[in-house]
Structures are given as structure tokens and as C-alpha cells.
Amino acid sequence: MRLLIHENQEKGSAWAAKYIADAINRKAAETSAPFVLGLPTGSTPLGTYKELIRLNKEGYVSFANVITFNMDEYVGLPEEHPQSYHTFMWENFFSHIDINPANVNILNGNAEDLEKECEDYEKRIEGAGGIDLFLGGVGEDGHIAFNEPYSSMSSRTRVKTLTEDTIIVNSRFFGGDVNQVPKLALTVGVATILSATEVIILAFGPKKARAVKEGVEGAYSHTWTITGLQTHRHGILVADEPAAGELKVNTYKYFKDIEQAHLK
Ligand code: GLP
């Protein structure tokens, strides 16, 4: 696993955006097959989305031949609800880039048969040729997508019950009212994420310090699903200084030394 500790969130976000744009451009130079990009919601990726929008408007990268798959969606929120992940993605990213709306895939949390929706989503990913790069954030308790603690590390897309901790953390988007937060979500599994050719997880701010510590120094365990990244051949964790704040000094120095050249 690589760990890139950037000075701040802005630099980490810019690095991730450039990395993604370069990966899209590299594939476009090699083949006409679309680039398949896995995407998260949350406050963490906002800077990366802003920078990707800028790179798109500047002509550095095009999303015309990119297919996206989002990580998760709440169950039961209408698509047009301000806090649905559909709304979030269109407002913060898709409306501002040259993506073909037909290439956007987001789980339907209002599907009549939720299990079938999840199975179909896996098939759609497979049909697109698999995910080239999955970008993700991490919850304070180390969850990736909505793979809460004790999710199976071999899980695939499915219905998940949200933990009380996640409901409390996410209630900030629902006027602070935990009762407004959906109790269920559809989410890609840990194995769905780790099946991508490349995985980048972003972690910014002191609230993510414990998740970064467990993700890097902790033992592989379903207790912290982020530790699944340790088993990926091309896993990259992008942190800022506050998120790296609970690492041992030696761990911190090790990654700073070996990654120095990439921290631009
Ligand atoms: C939610 C999402 C995750 C996200 C996490 C952290 O639980 N399902 O994909 O990583 O929140 O959110 P934030 O980036 O706002 O801290």
C-alpha cells in the first residue's frame, strides 16, 4: 500500500484529481475502450471533484468516454431529495463535466427489488469491463462506501443497515435530526472496491486520524474495513497532515521518505 501524506486537503485533492485525469488519458491513448471510474460522495472528495471539473474545462481531460459507478445510495430517499447521492453527484460533479448521462451509474435506492438492483449493479460493472480506478473516502470508524465495521471483506453490492455512529455522523446533512437519516443503504462491497485495478482512498482532517492509523498500521480486519486496502496490489491512501496525526513517528517518516518525490 502507498500512503501519501500531503501538507493539506487542497494539495491532496489536487494530487488525486491529476492522478485520475492522467489515468483516463493514459487509457485513452492506448485503447478506445471506456475508462471505468468508481466514485464516492461525502465532503472528502469535493476538492477532487472541483479540480477534475477545472481540468475538464481547461481541456486537460475529457469524460466523454468515461463510465462511472457510484459507491452507494440511501434506501428510500427520492432521487431528487437534496441529500440523495444522486443529487449530490449531479450538483457537485456530473453537471459540470462533459460526461454522457447514459454513462452514469448510481444504485437505485427506490428499486422495487433491492437485492436484484444490487445483483444487476455488479453485472453492469462486469459488463463495463470492470472498474479501472475506484476513488473512495473513509468514515470515522474506518468504513469504505457503506461497509460498516464487521462487513465481510469479500462482500459485494448489497443492502446494508447503517450503524448508529454513521447515522449520527450523517445527521449533519439532515438538519441534525437522526430520525431523518435513512437506516438502510445500498452499497458496493469491500470486494467490489478491491476488484478495481486501482484504488485511491482519501482521508482528510483529524476526525479520520484513527481510521488512517488502523488502515496503515492496524491488522487486516473486518473491524476496520479500510484495512482491506492493505491487500490491494495498487492501493493508495491519500491523507493530509491532520489525518496522519495518529501514526507512529516511524511510520510517518517511512512514508514521507519513500513518497517524497510524489508529493507535488
Ligand atoms: C458516508 C459515505 C462514505 C464516505 C463517508 C465519509 O458514510 N457512504 O462513502 O466515505 O460518509 O464522509 P465524509 O467524506 O463526508 O467524511
Side-chain angles (χ1 to χ4, degrees), residues 6 8-10 12-13 16-17 37-51 68-77 81-89 91-93 105-107 109 118 121 131 133-151 155 157-174 176 178 180-194 196 199-212 214-215 224-229 235-240 242-245:
H6 285 268
N8 53 41
Q9 176 163 358
E10 201 185 336
S13 302
L37 182 61
L39 293 173
T41 53
S43 44
T44 306
L46 284 173
T48 303
Y49 289 153
K50 271 199 190 113
E51 185 61 11
T68 64
F69 284 91
N70 261 82
M71 289 188 144
D72 43 20
E73 177 58 288
Y74 290 115
V75 167
L77 275 194
H81 188 284
Q83 295 308 330
S84 82
Y85 287 174
H86 278 78
T87 302
F88 177 97
M89 288 310 296
E91 276 184 359
N92 292 297
F93 194 37
N105 295 278
I106 306 179
L107 282 153
C118 293
Y121 204 65
I131 293 180
L133 191 156
F134 223 131
L135 177 70
V138 60
E140 292 175 27
D141 59 4
H143 71 248
I144 48 176
F146 269 130
N147 295 289
E148 299 280 30
Y150 313 114
S151 291
S155 51
T157 306
R158 69 212 183 290
V159 185
K160 261 319 265 175
T161 312
L162 302 185
T163 62
E164 205 183 328
D165 283 354
T166 295
I167 291 172
I168 292 169
V169 170
N170 287 3
S171 66
R172 71 189 192 278
F173 299 115
F174 293 84
V178 287
Q180 300 300 313
V181 185
K183 307 286 176 281
L184 295 175
L186 303 186
T187 179
V188 295
V190 178
T192 318
I193 298 170
L194 297 180
V199 180
I200 298 180
I201 300 290
L202 307 174
F204 300 130
K207 287 186 176 164
K208 304 297 169 69
R210 181 86 200 279
V212 168
E214 296 293 338
W224 296 83
T225 55
I226 189 178
T227 60
L229 193 63
I236 305 181
L237 183 55
V238 176
D240 61 1

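For clarity, every value in this text was computed on a predicted model and none was experimentally measured. All ligand and atom numbering here is 1-based and tracks the order in the structure.
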How many angstroms lie between CG in Asp240 and CZ in Phe204, if you round to the nearest 0.5 Å?
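The distance works out to 6.0 Å.
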How far does OH of Tyr121 sit from OG1 of Thr192, to the nearest 0.5 angstrom?
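Separation between the atoms: 9.5 Å.
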Quick one: which of Ala145, Gly137, Ser43, Gly139 has a heavy atom closest to atom 3 (C) of ligand 1?
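Selected option, by shortest heavy-atom distance: Ala145.
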Minimum non-hydrogen distance to atom 9 (O) of ligand 1, winning option of Asp72, Leu202, Asn70:
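Going through Asp72, Leu202, Asn70 one by one, Asp72 has the nearest heavy atom to atom 9 (O) of ligand 1.
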Of the backbone atoms (N, CA, C, O) and the side-chain heavy atoms from C-beta on, which set of [X] has a member under 4.0 Å from an atom of ligand 1: side chain, backbone, both, or neither?
| X | result |
| --- | --- |
| Val169 | neither |
| Pro40 | neither |
| Ala185 | neither |
| Lys208 | side chain |
| Glu148 | neither |

State, yes or no, whether a side-chain contact exists between Thr41 and Phe173 at a heavy-atom distance under 4.5 Å.
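With C-beta onward as the side chain, the pair stays apart.
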Option from Ile144, Asn147, Val159, Ile193 for which side chain to side chain contact (heavy atoms under 4.5 Å, CB included) with Thr187 holds
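Among Ile144, Asn147, Val159, Ile193, the one that satisfies the side chain to side chain contact (heavy atoms under 4.5 Å, CB included) with Thr187 is Asn147.
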What class does the angle between the rings of Phe146 and Tyr74 fall in, given that below 30° is parallel, 30 to 60° is tilted and above 60° is perpendicular?
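Plane angle between 30° and 60°, so tilted.
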Proximal atoms of ligand 1 relative to Phe146 (non-hydrogen, under 4.0 Å)
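In order of number, 1 (C), 7 (O), 8 (N).
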I'd like to know if the side chain of Lys208 and the backbone of Val138 have a donor-acceptor N/O pair within less than 3.5 Å.
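Yes: the side chain of Lys208 pairs with the backbone of Val138.
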So, Glu73 side chain and Tyr85 main chain: donor-acceptor pair closer than 3.5 Å or not?
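Yes, because the side chain of Glu73 sits within donor-acceptor range (under 3.5 Å) of the backbone of Tyr85.
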Counting non-hydrogen protein atoms only, what is the nearest one to [atom]? Give residue, atom name and distance.
| atom | result |
| --- | --- |
| atom 14 (O) of ligand 1 | Thr44 OG1, 2.4 Å |
| atom 6 (C) of ligand 1 | Val138 O, 3.6 Å |
| atom 12 (O) of ligand 1 | Gly42 CA, 4.2 Å |
| atom 4 (C) of ligand 1 | Thr41 O, 4.3 Å |
| atom 5 (C) of ligand 1 | His143 NE2, 3.8 Å |

Mind listing the closest non-hydrogen atom pair of Ser43 and Gln9 along with its distance?
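Closest approach of Ser43 to Gln9: O-NE2, 4.3 Å.
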Using a plain distance cutoff, I'd like to know if Thr166 has any nitrogen or oxygen under 3.5 Å from a nitrogen or oxygen of ligand 1.
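Looking only at distances, the answer is no, because the N/O contact criterion of under 3.5 Å is not met.
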For Arg172 and ligand 1, answer yes if some heavy atom of the residue is under 4.0 Å from a ligand atom, otherwise no.
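Heavy atoms of Arg172 do come under 4.0 Å of ligand 1.
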